[in-house]
Amino acid sequence: MVEECMNLKIDKEGFNYSRFVSHMYYLLDRVANNKEIKTQNQKMFDQLILEYPQTYECAIRICKALEIKLNDEELLYLILHVNRLSSREETL
């Protein structure tokens with residue numbers, strides 16, 4: 001889904017992908033166990049939405065596909081991880 005949203009090719013054998021998968025694992029574990037992260041990063045979240053609308057939309061699509069609802073803090077971290085992965089992979 002990230003490849004499609006961000007128009008890139010991800011090396012699924014590489015470190016960047018492995019790191020992303022690890023972050024997704026812990027995100028989904030927190031969601032499944034109702035242990036969401038809660039901090040005071042609302043300004044950062046609002047800024048990321050403005051600066052990275054494509055990445056934000058990708059994160060929203062991921063949530064819809066996985067049928068999960070994230071609070072703004074968890075969504076912030078998902079946006080950061082999608083952005084990190086996409087900025088280090090080859091664009092198409």
Mind checking the [atom1]-[atom2] spacing from [X] to [Y]? Nearest 0.5 Å is all I need.
X: Asp11; Y: Leu85; atom1: CG; atom2: CG; result: 10.0 Å
X: Leu28; Y: Glu74; atom1: CG; atom2: CD; result: 9.5 Å
X: Leu66; Y: Arg61; atom1: CG; atom2: CZ; result: 12.0 Å
X: Glu51; Y: Ile79; atom1: CD; atom2: CD1; result: 11.5 Å

- For Asn33 and Asp29, indicate whether the former's side chain and the latter's backbone hold a donor-acceptor pair under 3.5 Å.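 Flag set: sc Asn33 to bb Asp29 pair under 3.5 Å.
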- Sidechain-backbone polar pair: Gln54 side chain, Cys5 backbone, donor-acceptor under 3.5 Å: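 Yes.
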- Message: Is there a path of hydrophobic side-chain contacts, each under 4.5 Å between heavy atoms, that joins Tyr26 and Val82?
- Response: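 No; Val82 is not reachable from Tyr26 via cluster members.
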- Query: Step by step, would you call Glu3 with Lys12 a side-chain contact (heavy atoms from CB on, under 4.5 Å)?
  - Reply: CA-CA 11 Å; Glu3 286 180 321; Lys12 293 180 182 71; 3.1 Å; yes
- Query: Between Ile68 and Ile62, is a side-chain contact (heavy atoms from CB on, under 4.5 Å) present by the stated rule, with each step listed?
  - Reply: CA-CA 9 Å; Ile68 58 174; Ile62 291 168; 5.8 Å; no
- Query: Would you call the rings of Phe45 and Tyr56 parallel, tilted or perpendicular if under 30° counts as parallel and over 60° as perpendicular?
  - Reply: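 Plane angle over 60°, so perpendicular.
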Taking the side chain as everything from C-beta on, heavy atoms only, tell me whether [X] gets closer than 4.5 Å to [Y].
X: His23; Y: Arg84; answer: no
X: Leu78; Y: Met24; answer: yes
X: Asn83; Y: Leu48; answer: no
X: Ile60; Y: Leu75; answer: yes

- Item | Within 6.0 Å of CE in Met44, more than 12 heavy atoms from elsewhere |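 Counting other residues, nucleotides and ligands, CE of Met44 stays at 12 neighbours or fewer.
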- Task: Count the heavy atoms belonging to other residues, nucleotides or ligands that lie under 6.0 Å from NZ of Lys69, then report whether that count exceeds 12.
- Result: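 Not buried by this count: 12 neighbours or fewer within 6.0 Å.
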- Task: Dump the intermediate steps for side-chain contact (heavy atoms from CB on, under 4.5 Å) on Asp46 and Asp72, then the final yes or no.
- Result: CA-CA 9 Å; Asp46 294 340; Asp72 288 353; 5.6 Å; no
- Taking all atoms of both residues into account, what is the closest heavy-atom pair of Val2 and Cys58, and its distance?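 Here Val2 and Cys58 meet closest at CA-SG, 4.0 Å.
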